[in-house]
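Every chain is numbered from 1 and lettered A, B, ... according to where its sequence line falls, protein lines coming before strand lines.
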Number of protein chains: 2
Amino acid sequence: MSKPRSAALAPDSAAEAGDDRGLPEDAIYEQIHHAVARQDLAPGTRLREEELRRIFNVSRTRIRNVLTRLAYAGVVTLEPNRGASVARPTPKEAHDNFIARRAVEEAIVRLAAARVTPADLARLEANIDAECAARQAGDQTAMVWLSGEFHTLLAEIAGNTILARILRDLITREALVIATYERQGKPSCSHEEHSAILAALQRRDADTAARLMLEHLGNVEDRLYFDPPERDTDLSRIFGRLEKGGAG
Amino acid sequence: MSKPRSAALAPDSAAEAGDDRGLPEDAIYEQIHHAVARQDLAPGTRLREEELRRIFNVSRTRIRNVLTRLAYAGVVTLEPNRGASVARPTPKEAHDNFIARRAVEEAIVRLAAARVTPADLARLEANIDAECAARQAGDQTAMVWLSGEFHTLLAEIAGNTILARILRDLITREALVIATYERQGKPSCSHEEHSAILAALQRRDADTAARLMLEHLGNVEDRLYFDPPERDTDLSRIFGRLEKGGAG
DNA sequence: ATGGCTCGGATTGTCGACAATCCTATGAGA
DNA sequence: TCTCATAGGATTGTCGACAATCCGAGCCAT
């Protein structure tokens, strides 16, 4: 969050992002999408075309296309003549996102319960272990990413491409919601809950898995802080107070 | 379906589509999206940029942007160096779409049951009446559109923008599925089922409404015909038959 | 000092031209 | 007659340049 934008977009493998010429459009899309999901790009961050063009070493046309798609995914907002910036969800959008995600995740976990294989269970367990390790190492970024990855894995196991695609965007937007509205202590996902879901899947108990998933997602929402609905609302409230109480 | 493409895209109000200069991008997007939802654009129809440019009287850049977005929505497919064509869902995609839609619609109808107002009920009833009228008039296009509109109305009533947006794309893609796999007699939606859902909403009976909705959507899928999974599979099957039975 | 105005730099929006690619029609050869 | 190669037209992909718009700095009047 505090690192410069170019660092957020040119991750560990710097050569892949900056050096290679003609990086395909999809790869650029993925990098930005991923950077938002990792919370490396904070909500509201401006995404200047020229800057992105230099980072990815492509023409502005490509960048423009990518931004158009990201806007459709709800990851960035596109204001006319003002350019693109990382989306800053309103409380309403945040709430809608949670509700949508609950619906999609319930369907996915039920499908997954019916199709899960031992190999799948092993992958899920590995993910939980990795998240635990990240938690103990205090690596907040890795934790957020891995706990999202757990859900992506479930979508893959469920085997429904359309739901997986939808969930991907919902998860990334939820990362923006969390980044915007999190309280001080920010335990975004608890690995115990993931473990419980895994156990239910192991028993192919779709109903329990679905119930646990809904509780899990509800817990995430409860940990957020929505009270000051908008930053700019402060102004109008102050104005109202001045009018009512009298300032002169 | 049998009318020329330009007619499909320049509907009743021809002036709006062809004459006005500088039609905004969103409007072009809507027109194409809508034309697909109405089944005026058959699956697989090629969408040449030059042709669209002439129809909407804008530059190719705009058309290109619109096609990019439609591809993201899954309404058109974009093959490199081959251009755009209306999506032709595979049986797998069709099935995934039905499952996704069931999940989204269940969530929506439950939300709608909790929030529905008398005015909303009236709007839903008007929609059902219009669909009945279209059915008696034998207007297949209007029927398909109105029966989809019923679900769009529900999404609006539910008040969740994200789910509404998702459902919109799912419905349009389902129109493509139906156009691809429908049997001879094609009663795509039964207004009795819509009426039953409406009655449940009137009682604010979310569980019943959800159950009816799922049955309703399941019925739609059951009316389709998936047996010949792909057109090009025929070739390999014929080849296999020649090999086995001997053709010389 | 404050509020409004103007101007310059920076950024985005749009377009036309050119390069790259693909499909089709044509004709030579077996 | 059939297959293969080739040339031509048609279509898409890419880029750079210019126009339109916006933001902020600096100046002027009050």
What's the CZ-C1' distance between A/R62 and D/dC15, to the nearest Å?
11 Å

Is it the case that B/H33 and B/D169 place a side-chain donor and acceptor less than 3.5 Å from each other?
yes

Does C/dT12 have OP1 or OP2 under 4.0 Å away from a side-chain N or O of A/R46?
yes

Which nucleotide in the list D/dC23, D/dT12, C/dT12 gets nearest to the side chain of A/R82?
D/dC23

Within this structure, what is the CZ-to-C1' distance between B/R54 and D/dT11, rounded to whole angstrom?
13 Å

Would you mind reporting whether B/R165 and A/Y72 have side-chain heavy atoms less than 4.5 Å apart?
yes

Check the distance between C/dG13's P and B/I63's CD1 and give it to me in whole angstrom.
18 Å

Sequence neighbours left out, what passes ring pair (Phe, Tyr, Trp, His ring centres under 6.0 Å) with B/H95? Give chain and number order.
none

Rounded to whole Å, CZ of A/R64 lies from C1' of D/dC15 at a distance of 14 Å

Look at B/E51 together with B/R54 and state whether they make a salt bridge at an N to O cut-off of under 4.0 Å.
no

If you look at every heavy atom in B/G44 and B/S85, which pair is closest and at what distance?
O-CB, 3.8 Å

Whole Å only: how far is the CG atom of B/N65 from the C1' atom of D/dT12?
15 Å

Could you tell me how far apart B/R48 (CZ) and D/dG13 (C1') are, to the nearest whole angstrom?
17 Å

The contact string for nucleotides 16-21 of chain D, one letter per nucleotide 5' to 3', using protein heavy atoms under 4.0 Å with B, S and - for base, sugar-phosphate only and none, comes out as -----S

How many whole angstroms separate atom CG of B/D26 from atom P of C/dG13?
13 Å

Would you mind reading off the distance between A/E50 atom CD and C/dG9 atom P, rounded to a whole angstrom?
17 Å

With salt bridge (Lys or Arg N to Asp or Glu O under 4.0 Å) as the test, pick out the partner of A/R168 among A/E105, A/E156, A/E30.
A/E30

